[in-house]
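Given the structure is predicted, the values throughout are model-derived calculations rather than measurements.
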Number of protein chains: 2
Amino acid sequence: MNKDIDLIIDKENEKCPVETALDVIDGKWKILILWYLRRDTKRFNELQKQMPKITQKMLSQKLKELELDGIINRVVYPEVPPKVEYSLSDYGKSLKPILKQLYFWGEKHKKNKEI
Amino acid sequence: MNKDIDLIIDKENEKCPVETALDVIDGKWKILILWYLRRDTKRFNELQKQMPKITQKMLSQKLKELELDGIINRVVYPEVPPKVEYSLSDYGKSLKPILKQLYFWGEKHKKNKEI
DNA sequence: CGGAATCCGGATTGATACTG
DNA sequence: CAGTATCAATCCGGATTCCG
């Protein structure tokens with residue numbers, strides 16, 4: 001796990017694995033959603049509360065995409081009022097090391113970015 | 001470094017460090033550019049060759065943004081034909097662990113994503 | 001020649017309102 | 001509560017053009 005990326009040779013004519021990863025977690029919202037799902041199941045509403053700047057539309061859309069990619073599970077409880085719970089699938093959990101690195105980096109460099 | 005992200009408590013009313021990180025590497029192209037710059041200096045043209053699908057415009061734009069964020073260095077050689085070299089700054093190099101995780105993840109899950 | 005700037009059509013995203 | 005619908009704004013891609 002401590003291989004140095006400096007030693008990795010880019011293969012010609014082959015999709016870079018970094019790109020493969022990015023295909024799945026493209027954009028800002030997806031990673032943020034995964035972050036808030038990292039520990040436990042969350043309802044639509046809870047997620048929205050934790051990401052005040054995402055719109056309902058985007059949240060709904062990104063959740064759908066993540067579900068289609070098999071990264072999160074979506075469970076609907078047929079109740080009134082409706083209740084839908086989202087959680088990381090096992091596949092999604094495999095992204096945790098990435099989330100971890102993003103967290104640590106942000107934590108370390110937060111001060112530099114204060115405007 | 002092996003702290004478990006499960007133990008991290010989200011603070012209310014404070015920007016999540018993950019978000020801080022995402023502010024800097026937002027979008028797909030930036031990370032890919034950083035990936036190709038991870039080892040050595042590259043010219044505009046070389047980067048474009050390694051990322052066949054990026055347009056000149058996007059490449060130029062993203063490089064500029066990365067430069068403004070202090071993540072890469074841009075050196076112009078006043079020659080004809082012109083020559084511009086891009087490389088990771090020290091700040092940019094601090095992102096390598098993130099690139100590394102993305103690479104490993106992509107490497108591991110590539111097979112699942114073949115269509 | 002390598003790289004940046006411009007213009008334009010199409011895709012993504014955002015704001016707001018509304019529904020099962 | 002958990003989403004859609006609609007429309008405006010913004011971003012992206014492609015082609016072209018410009019400049020040193």
* Asked: Can you tell me how far P of C:dA15 sits from CG of A:Leu59, to the nearest Å?
  -> 14 Å
* Between A:Val75 and A:Val80, is there a shared hydrophobic cluster once you connect ILVMFWY residues whose side-chain heavy atoms come closer than 4.5 Å? -> no
* **Rounded interatomic separation in angstrom, taking CD from A:Gln61 and C1' from D:dA5** => 13 Å
* Asked: A:Gly70 and A:Ser89: which non-hydrogen atoms are nearest, and at how many Å?
  -> O-OG, 2.6 Å
* Asked: Using a heavy-atom distance cut-off of less than 4.0 Å, which residues of residues 79-86 of chain A contact DNA chain D?
  -> A:Pro81, A:Pro82, A:Lys83, A:Val84, A:Tyr86
* **d(CD1, B:Ile33; P, C:dG3) in whole Å** => 13 Å
* Nearest-0.5 Å distance that lies between atom CD1 in B:Ile25 and atom CD1 in B:Ile31 -> 4.0 Å
* Nucleotide D:dG3, atom C1' - distance to NZ of A:Lys49 in whole Å -> 15 Å
* To do: For B:Lys30, enumerate each residue passing the side chain to side chain contact (heavy atoms under 4.5 Å, CB included) test, keeping only those at least two apart in sequence or located in another chain.
  => B:Lys62, B:Glu65, B:Leu66, B:Asp69
* Asked: Rounded to whole angstrom units, what separation is found between the NZ atom of B:Lys64 and the C1' atom of C:dT6?
  -> 12 Å
* Asked: Taking it one step at a time, do B:Trp105 and A:Val24 satisfy side-chain contact (heavy atoms from CB on, under 4.5 Å)?
  -> CA-CA 11 Å; B:Trp105 191 90; A:Val24 180; 3.9 Å; yes
* **Residue list, salt bridge (Lys or Arg N to Asp or Glu O under 4.0 Å) with B:Lys64, at least two apart or on another chain** => none
* Select base, sugar-phosphate, or nothing to describe what A:Lys62 touches, counting heavy atoms under 4.0 Å on all strands. => sugar-phosphate
* To do: Rounded off to whole Å, could you give me the CZ-to-P distance for the B:Phe44 and D:dG20 pair?
  => 18 Å
Interface polar pairs with nucleotides 13-16 of chain D, N/O, under 3.5 angstrom:
| from | atom 1 | to | atom 2 | distance (Å) |
| --- | --- | --- | --- | --- |
| D:dG13 | N7 | B:Lys57 | NZ | 2.9 |
| D:dG13 | O6 | B:Lys57 | NZ | 2.3 |
| D:dG14 | O6 | B:Lys57 | NZ | 3.0 |

* To do: First locate atom CG of B:Asp40, then atom OG of B:Ser87, and finally report the distance between them rounded to the nearest 0.5 Å.
  => 9.5 Å
* Asked: Just how far, in rounded Å, is P of D:dC12 from CE of B:Met51?
  -> 15 Å
* **Angle between terminal axes - the helix from C:dC1-D:dG20 to C:dG20-D:dC1, 5 pairs each end, rounded to 10°** => 40°
* Atom CG of A:Leu63 and atom P of D:dC1: how far apart are they, to the nearest Å? -> 17 Å
* Structure fact -> Here the pair of heavy atoms bringing A:Arg38 nearest to B:Asp6 is O-OD1, 3.9 Å
* Structure fact -> Checking D:dG3, D:dC1, C:dA5 against the side chain of A:Arg43 (C-beta onward), the nearest is D:dC1
* To do: Tell me, with the steps shown, if B:Asp23 and B:Lys15 meet side-chain contact (heavy atoms from CB on, under 4.5 Å).
  => CA-CA 11 Å; B:Asp23 282 346; B:Lys15 193 173 198 175; 2.6 Å; yes
* Salt bridge check: are A:Asp4 and B:Lys100 linked by an N-O gap of less than 4.0 Å? -> no
Using atom types as modelled, flag every donor-acceptor pair under 3.5 Å from a side chain in residues 44-55 of chain A to any protein atom, sequence neighbours excluded.
| from | atom 1 | to | atom 2 | distance (Å) |
| --- | --- | --- | --- | --- |
| A:Glu46 | OE1 | A:Arg43 | N | 2.7 |
| A:Gln50 | OE1 | A:Lys42 | NZ | 2.9 |
| A:Thr55 | OG1 | A:Met58 | N | 3.2 |

